[in-house]
Amino acid sequence: MTGLTEELKLGLDAPICLTWELTYACNLACVHCLSSSGRRDSRELSTAEAKALIDQMAAMQVFYVNIGGGEPMLRPDFFELVGYATSKGVGVKFSTNGSRLTPQRAVELAAMDYLDIQISLDGADAATNDAVRGAGSFQTAVAAMDALADAQFGPFKISVVVTRHNIPQLDAFKNLADGYGAELRLTRLRPAGRGADTWTELHPLADQQVTLYHWLLAHPDVLTGDSFFHLNALGDDPLPGLNLCGAGRVVCLVDPIGDVYACPFVLHDEFKAGNVRATGGFEEIWRHCDLFTDLRQPQSAGACASCGQFDACQGGCMAAKFFTGLPLDGPDPECVAGHGETSLASVTPGALPASTSNHSKPVAVSLGPTR
Amino acid sequence: MARLEPEKGWQLHPRVGLRPEPFGALAYHFDNRRLNFLRSPELVALVRALPEHRTPRGAFDACGIEPRRWPSFERALHALADSGFLIPTTAENLPALETEHASQEGIVF
Ligand code: SF4
Ligand code: SF4
């Protein structure tokens, strides 16, 4: 596999994992929202521009696009765009909080081909979930899942951001998914967007990371979006996946206004590669922009070079380092060898990168009880 | 999913997309949502040539692959058949493909 990883680091002709956030509008205000969503941006791509982007994806043979937001179903042309993409052979996986997934919508979705749905849920019970995603959001997600099951949509996915508070619920999440015939997908909490403000209180503790690593090894059918490779330094058995930071190499993000970023978790000017409205569009950016060309160069291991685990963990996640103020060529803030904590201690709070993309609604969000 | 039987004709599953890449090609299975890497241009040419031949070895010959290298290409084809990316050509031989988790071979994001 190592040879392949090396080749993937040089970049691909088209992304494997292309995320497209359709809108910054959202009816919820999750405290860890990676895109600080809430308000719609008036510069949002029009239906025609969105279709032109889909045409370009089809021409590049992008196999599927991960649609998110914000809440993508809030876009009035949501069904039109999903139908357009799948008719062009671009599969769609979309993530939703479920609030617009009525029984009638579920029936429509079940009739579509090349379509995957991820329901976001961050607690296996209302108390744990709603502390992060807002009051009533657990019930909303359950109603949406019931609607999908009733419509016989087939195996949808339940998508969970792993936090300090829901790690004790891993088995409960699995049972919930099994009960629906759904697949469970666990992803890593990154300090991106509003997540930068809540990461310190929400990210898993060191002992919980060990629990998570062993749980994932015991449940190879649980999907992870390749997001926990920093845990590979915990043992000899690597978690399934590509084991690399794919930013600009196999992964990228198109945001609602057409800005292209290296990955969904780096919505910051520093990682902005261009805009799909420019000449040459998305294809030109993916293949030739300076930022992605740089990211495809061999990266230095920096302070990780002296650690025997670099091959296993690759120094972790670039976004996690950037937003916690750590050097990009050093240990991850959640480095399982504990080097992240040491580095974090020397970061002055004022030195953290300021947000350059924030669509939060002007309301205060508060966290539930902390461990 | 099916074992690759050398006496049968094989072809890509109709719901598999193949995209050329510098290292060979990326294959995506729209049914089981798995991704596979075809790690040499020769393997890509071979997979594309399969349906025109009665057996895989016929395709090896036609693609100019030397017999000493056949075992390694056979292994690659086995892996693709295991994960549902290759299917027997004859319609009545079509195995019931599992739609999810056809195999742990491919990668899912
Ligand atoms: S020091 Fe770097 S390579 Fe070693 S475990 Fe920590 S993050 Fe991974
Ligand atoms: S920056 Fe982090 S989240 Fe983004 S691709 Fe790299 S490892 Fe993944």
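This structure is a prediction, so every number in the text was calculated from the model and none was measured. The analysis underlying the following values was restricted to heavy atoms, covering all of them including side chains, and did not include hydrogens, waters or symmetry mates.
Looking at A/N66, neither its backbone nor its side chain comes within 4.5 Å of chain B, counting heavy atoms on both sides. For A/L10, no part sits under 4.5 Å from any heavy atom of chain B, backbone or side chain.
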Please step through side chain to side chain contact (heavy atoms under 4.5 Å, CB included) for the pair B/F37 and A/I16, ending with a clear verdict. CA-CA 11 Å; B/F37 299 88; A/I16 294 179; 4.2 Å; yes

Pair B/R39-A/E7, side chain to side chain contact (heavy atoms under 4.5 Å, CB included): steps then yes or no: CA-CA 10 Å; B/R39 299 200 40 206; A/E7 287 165 79; 2.9 Å; yes

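The two residues B/P20 and A/D13 make their nearest non-hydrogen contact at O-OD2, 3.8 Å. Scanning both residues, B/R33 and A/L115, for their nearest heavy atoms gives NH2-O, 3.7 Å.
Ring pair A/F63/B/Y28 is parallel by interplanar angle, where below 30° counts as parallel and above 60° as perpendicular.
For the options A/P240, A/G154, A/P15, heavy-atom pairs under 4.5 Å to chain B are most numerous at A/P15.
For CG of A/D113, the number of neighbouring non-hydrogen atoms (other residues, nucleotides, ligands) closer than 6.0 Å is greater than 12. Within a 6.0 Å radius of CD in A/Q152, no more than 12 heavy atoms belonging to other residues, nucleotides or ligands are found.
Rounded to the nearest 0.5 angstrom, B/F30 CZ and A/D116 CG are separated by 11.5 Å.
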